[in-house]
Amino acid sequence: MVIIKHLHFPSNLYFYTKFQRMIRVRFAPSPTGPLHIGGVRTALYNYFFAKKQGGKLILRIEDTDQTRFVEGAENYIQESLEWSGIHFDEGPKQGGEFGPYRQSERKNLYRQYADQLINDGYAYYAFDTAEELQKMRETEEAAGHKFQYDSKHRKNLKNSLRLSKDEVQDKLDAGKPYTIRLLFPEDEEIVFTDVIRGEVKVHSSNMDDKVIFKSDGMPTYHLANIVDDHLMEITHVIRGEEWLPSAPLHVLLYRYLGWDAPEFAHLPLLLKPDGKGKLSKRDGDRLGFPVFPMEWTDPKTGEISSGYKESGYFPEAFVNMLAFLGWNPGDEREIMSMDQMTEAFSLDRCSKSGARFDADKAKWFNHEYLQQYPMDKLVTAFKELLKKETIEEVCDDYIEKVIKAIKDRANFVQDLINSGLYFFKHPESYEEKAVKKHWRENSASHIGLIADEFEKCEGWNSENLEDIVKTQIEKHEMAGGKIFNGIRLLMVGASSGPHLFDILEILGKEESIIRLRNGIERLRSLNQ
RNA sequence: CGCCCGUUCGUCUAGUUGGCCUAGGACGCCAGGUUUUCAUCCUGGAAAUCAGGGGUUCGAAUCCCCUACGGGUGACCA
């Protein structure tokens, strides 16, 4: 590849003719805050696309707007993507031969292309200040007209199209601030093909002369994006639908710069679960689900937004759920690994319409992953959480038994703790409702009788225990339901949990009998 | 308001080249069963006249047009 560059051959062209063009895609977030799950999904699709075709995935940080810089945002983005299992081949951290990968570090690269556009007559200097334009916009709108910096207005504004060469040079020499704007054609249908949507047409008269170079010496997104995509030899631009309206501008930029444009694919947006509009930061905490992959603390306000990671989602489940919002493999599989999804991925299986986020389905995905999760990892995670309950020194075998007994009704590891804490400590109290419903006058004596039988039990396992209890129920003509539920109450402290005799087996003989005896005492005093 | 994109059960969607669609699956919901608990499990059910209206065709969810609705965008933001 290096040799080819010396020969001034664009390497892509070389590969295109010789073999097949090397696929290169990029995810290009702006570090203005935490990465939204919609962004994660875009990164994910880029990842699938690249991996499927043996191509490269590039991370590029688009930080051309210095005023919107947010402390910690870039780091957050990198960590979130890493946690999600989306790995990049090139980027600020991993480097690469097309670097640097932060636009702020490429600053001096862009100006020459803006100059080239001016020299070729495709762009011009504009000396109007932001305030002047704002004022004009307001007065025009007040009069019921729309204001655009376009073919109608540009001849009356302060720019190099109207001003004489000398006037322009004077202003430049005087150091007057200016922007560089792209000169849009007056009457032309701009057409391009979107991989997902097909042919998209926009008439040039509906576009205005976009600023491509700002007065602060930085390019705007539009210029930087095109220059970098070209220099980095990006073959496919897969991004959110919010970019579709400016795609014609990008197409034009490629043409004016004399470059081949990459393929475009505009993904549909993630929508709010309720109401209108796209999913936003506020929706998450309002509706009780995270909008961000990881927890984020706003450096200015200190405001905390919850994350999937901290809410107990497995990254594999998170990514699986996200991938299915706008894509599916075409068969009836739903639980798929990163590799399986990569294998099945294709852009023409992406839907065109926005997907409403569904928190219930997200939980279901995690439930499914919890069932499959490697036991040793589950035990480790469980122990971590157990520490927070100030319970330590429990052997792994015991934890494993507990997890096996209760995981099928849990969505998160945290659920395992919430619904299984009684396996690690005596019930502190007995749920009032359950007591009322299941505890009778004679419960104490009947269950006491059963406890006596338990003492004699040799083979302490679920089946034997069930036999013992059933035998006693028959022998003494006890009310079966009350006995079962009564014992459960004394073991759990509530009327929930797995099969009763499995609970007894796990708890063990000694502990079970203690709970029975203690419980009987406590409930007796309660009844009086 | 202009421009662009979209529209199949409540939600995610299958359906891509018109016929096997009396529209399939999943989540959620409801009912029954099992478990003498339950947030599990099993079985079943309701749920989309394919946004509406016009065409084209022997035949349309699938093609065309119009309307409605939804979304995006309209910065010296990305």
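Below, read A as the first sequence line, B as the second, and so on, with proteins coming before strands; counting in each chain starts at 1.
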Is there a Watson-Crick or G-U wobble partner for [N] with both distances under 3.5 Å, and which nucleotide is it?
| N | answer |
| --- | --- |
| C27(B) | G10(B) |
| U40(B) | none |
| A47(B) | none |
| G2(B) | U73(B) |

Go through [options] for me and flag the one nearest to the [X] side chain.
| X | options | result |
| --- | --- | --- |
| Trp243(A) | G15(B), A78(B), U35(B) | A78(B) |
| Glu332(A) | C4(B), G24(B), A75(B) | G24(B) |
| Asn206(A) | U40(B), G6(B), G2(B) | G2(B) |

With no angle test and no hydrogens, is the base of [N] tied to the side chain of [X] by a donor-acceptor pair under 3.5 Å?
| X | N | result |
| --- | --- | --- |
| Thr179(A) | C76(B) | no |
| Arg356(A) | U11(B) | no |
| Lys210(A) | A75(B) | no |

### Message
Whole angstroms only, please: what is the CG-P distance between Asp360(A) and C27(B)?
### Response
11 Å
### Whole angstrom value for the distance that separates C1' of C12(B) from NZ of Lys272(A)
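Lys272(A) atom NZ is separated from C12(B) atom C1' by 19 Å.
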Residues [X], [Y]: salt bridge by 4.0 Å N-O rule:
| X | Y | result |
| --- | --- | --- |
| Asp274(A) | Arg286(A) | yes |
| Glu474(A) | Lys470(A) | no |
| Glu241(A) | Lys278(A) | no |

When you measure from every atom of RNA chain B, which of [range] have a heavy atom less than 4.0 Å away?
| range | answer |
| --- | --- |
| residues 244-252 of chain A | Leu244(A), Pro245(A) |
| residues 64-72 of chain A | Thr64(A), Asp65(A), Arg68(A) |
| residues 463-474 of chain A | Ile473(A) |
| residues 105-112 of chain A | none |

### Query
Using the benzene-type ring in the case of Trp, are the ring centres of Phe382(A) and Phe424(A) under 6.0 Å apart?
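Yes, the ring of Phe382(A) comes within the 6.0 Å limit of the ring of Phe424(A), centre to centre.
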### Query
Does the ring centre of Tyr125(A) sit less than 6.0 Å away from the ring centre of Tyr178(A)?
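For Tyr178(A) and Tyr125(A), the ring centres are under 6.0 Å apart.
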### With sequence neighbours excluded, residues passing side chain to side chain contact (heavy atoms under 4.5 Å, CB included) with Asp63(A)
Pro31(A), Ile61(A), Arg102(A), Gln103(A), Ser104(A)
### Message
Classify Phe484(A) by what it touches in the nucleic acid, base, sugar-phosphate, or nothing, heavy-atom distance under 4.0 Å.
### Response
base
### Task
List in chain and number order the residues that pass salt bridge (Lys or Arg N to Asp or Glu O under 4.0 Å) with Lys171(A), two or more places apart in sequence or in another chain; answer none if no residue qualifies.
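Per chain and number, Lys171(A) pairs via salt bridge (Lys or Arg N to Asp or Glu O under 4.0 Å) with no residue.
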### Query
Between U13(B) and Ser351(A), is there an OP1 or OP2 to side-chain N/O distance shorter than 4.0 Å?
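Yes.
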#### Entry: Residue-phosphate contact under 4.0 Å: Lys214(A) side-chain N/O, C77(B) OP1/OP2
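Yes, Lys214(A) has a side-chain N/O under 4.0 Å of OP1/OP2 on C77(B).
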